[in-house]
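For reference, the structure discussed in these notes is given below.
What you see is a predicted model; the values in this text were computed from it and never measured.
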Amino acid sequence: MAEQSIPVAGTEEGGSVEGATAAEGGVPAGSGISRRALLGTAGATGLVLGAAGGAVGYAAAPAAATPLTSVGSDEVMFHGKHQPGITEGLQARGHLVAFDLAAGAGRKEAAALLRRWSQTARRLMAGEASGSGDTDVARDAGPSSLTLTFGFGHSFFARTGLEKQRPVALDPLPDFSSDQLDKTRSNGDLWVQIGADDALVAFHALRAIQKDTGSAAKVRWQMNGFNRTPGATAHPMTARNLMGQLDGTRNPKPGEPDFDQRIFVPESGPPAWMTNGSYAVVRRIRMLLDDWEKLPLGAQEAVIGRRKANGAALSGGTETTAMDLEKTDAKGDLAVPINAHARITRPDQNGGAAILRRPFSYHDGIDADGVPDAGLLFVCWQADPLRGFVPLQRKLDRGDALSQYIRHESSGLFAVPGGAADGEYVGQGLLEG
């Protein structure tokens, strides 16, 4: 809900990628159909009544194979220049989970774990079973745009004796005035992002990753999220968050000339093992929905700076019309208020700072005081958080109208290396370099 994607729960726009919407996102289905790409079985039985005497018999005629729907057949490749789960479209279901290495586990154990995780991720993303111990949770389903993404936290490098390889960009984030962080649900040695367009496919991947961990690490925290299911709207459109706002209008797009330099680490950027990688800022942002929903529509739109119905700026036009920051109304007041979220987060108001937002919504039930524990699992990507997330959040701290309706409750920063080549595993350049 911002002109520039930011770690806020509203309709961040600019550097965000609420991303490739259903229209833009999704990697086309891969060639061929895996064993899970069939909904039918090898044979079917038909009940036949005999004409004389009403005898009952069974005909064993083979049934035609039924292809998967487009949602189930969509496949994202595991191997590539960048890890999956960054530029693909928003997925219907997501799991974010952080691990801490077990006592005594170090570089050797971490390398073996990343090798296991990478092998499992490749199989699952192709719609195959995870291995000999597969739970069958995702049986009958196709890949469903499944992605698994792996990253390293600041503490990982000391635990593995790789402090000299720790990037400067991974230095801890500064404190922000809106933070009310739970340290037990923040940071971690290792981070895994799982997304899919089917809830069972996503859960299946989560369980497989947890089983692969074995004694090498233990779960530090886990968060579960969701987005609108692809195809649920009459036509592809920008997604809405739990405040009802279109969220991601001005997300940077992969086809833009400066996209790669804003989102991915260049070959010239140290350290070498992070080439083609990115940095993920992960925040659990609670939306104070009871307070927000008491606001009349006009007040909500003034907080965001955009129309709730279609995402158009209050200065006029459509969702994609450039915002006129100088336009005034009949009373001489700015059409887009000076503290509107969409105004504050625009890249041209923040020295060009941009991030790629790719969040999930969450709802974890009702608190003891009767209010919903719901909001945004904010995930944003950038080549350097000190030039992306940090300046944007500092700007928001100084006067965003949305700040009184949200609360940042957990935080993490992770170095996500580039994609693994065929036959390699994620992070191999770091762990074996």
Side-chain angles (χ1 to χ4, degrees), residues 5 7 9 12 16-22 24-27 71-72 74-76 78 82-99 117 120-121 124-125 130 137-138 141-151 185-186 188 190-210 219-232 238-242 247-248 251 278 280-287 355-365 373-381 409-412 414 416 426:
S5 54
E12 321 243 3
S16 63
V17 59
E18 183 111 6
T21 60
E24 307 162 40
V27 173
V71 171
D74 284 345
E75 180 180 352
V76 181
F78 174 72
H82 309 298
Q83 284 198 59
I86 301 176
T87 61
E88 287 76 21
L90 296 183
Q91 294 141 305
R93 187 65 177 172
H95 301 290
L96 307 179
V97 55
F99 296 85
W117 276 354
T120 295
L124 293 179
M125 287 174 57
S130 61
V137 172
S144 300
S145 298
L146 175 67
T147 61
L148 291 95
T149 317
F150 305 102
R185 294 194 294 180
S186 299
L190 294 158
W191 175 69
V192 183
Q193 173 190 256
I194 298 169
D197 284 335
D198 178 79
L200 287 181
V201 169
F203 177 81
H204 179 243
L206 175 65
R207 289 295 297 142
I209 289 299
Q210 290 174 328
V219 174
R220 179 179 177 87
W221 53 260
Q222 181 195 321
M223 301 175 189
N224 310 311
F226 58 90
N227 284 305
R228 174 171 279 160
T229 301
T238 305
R240 292 187 185 273
N241 59 34
L242 299 188
D247 196 341
N251 240 352
S278 188
V281 173
V282 182
R283 297 211 136 198
R284 185 181 191 270
I285 303 177
R286 184 163 180 172
M287 295 177 174
I355 56 179
L356 178 66
R357 297 177 66 261
R358 198 172 182 277
F360 292 95
S361 293
Y362 77 87
H363 179 217
D364 290 339
D373 183 2
L376 198 70
L377 300 182
F378 174 83
V379 182
C380 75
W381 301 89
E409 296 186 335
S410 70
S411 179
F414 302 95
V416 176
V426 172

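The shortest non-hydrogen separation linking Asn224 to Gln222 is OD1-NE2, 2.7 Å. Between Val76 and Met125, the shortest heavy-atom distance links the atoms O-CE, 3.1 Å. The two residues Trp191 and Ala280 come nearest to each other via the heavy atoms CZ3-CB, 3.8 Å. Scanning all heavy atoms of the two residues, the minimum distance from Met223 to Ser410 falls at CE-OG, 3.2 Å. Considering every non-hydrogen atom in both Arg358 and Gly85, the closest pair reads NH1-O, 3.2 Å. Closest non-hydrogen pair, Pro84 versus Phe78, comes out as CD-O, 3.8 Å.
Residues forming a salt bridge (Lys or Arg N to Asp or Glu O under 4.0 Å) with Arg284 (at least two apart in sequence, or on another chain): Asp364, Asp373, Glu409. For Asp198, the side chain to side chain donor-acceptor pair (under 3.5 Å) test picks out no residue, with sequence neighbours left out. Residues passing the side chain to side chain contact (heavy atoms under 4.5 Å, CB included) test with Val71, sequence neighbours excluded: Thr69, Asp197. The side chain to side chain donor-acceptor pair (under 3.5 Å) search around Thr149 returns Gln193, not counting sequence neighbours. Remark: Gln83 engages no residue in a side chain to side chain donor-acceptor pair (under 3.5 Å) (not counting sequence neighbours). Under the rule for a side chain to side chain contact (heavy atoms under 4.5 Å, CB included), the partners of Ser361 that lie at least two apart in sequence or sit in another chain are Phe226, Leu242, Leu376. For Phe150, the ring pair (Phe, Tyr, Trp, His ring centres under 6.0 Å) criterion is met by Trp117, not counting sequence neighbours. Evaluation of the side chain to side chain donor-acceptor pair (under 3.5 Å) rule for Thr147 yields Gln91 as partners, not counting sequence neighbours. Residues that satisfy the side chain to side chain contact (heavy atoms under 4.5 Å, CB included) test with Ala205, not counting sequence neighbours, are Leu124, Leu146, Leu148, Ile194.
Taken from NE2 in His95 to CZ in Phe203, the straight-line distance is 7.5 Å, to the nearest 0.5 Å. Separating the CZ atom in Phe378 from the CD1 atom in Ile285 is a distance of 5.5 Å, to the nearest 0.5 Å. Put simply, SG on Cys380 and CZ on Arg357 are 8.5 Å apart, with the number rounded to the nearest 0.5 Å. Expressed to the nearest 0.5 Å, how far OG of Ser411 lies from CZ of Arg185 amounts to 12.5 Å.
With Ser145 as reference, Asp74 is the one residue of Leu90, Asp74, Val201 to meet the side chain to side chain contact (heavy atoms under 4.5 Å, CB included) rule.
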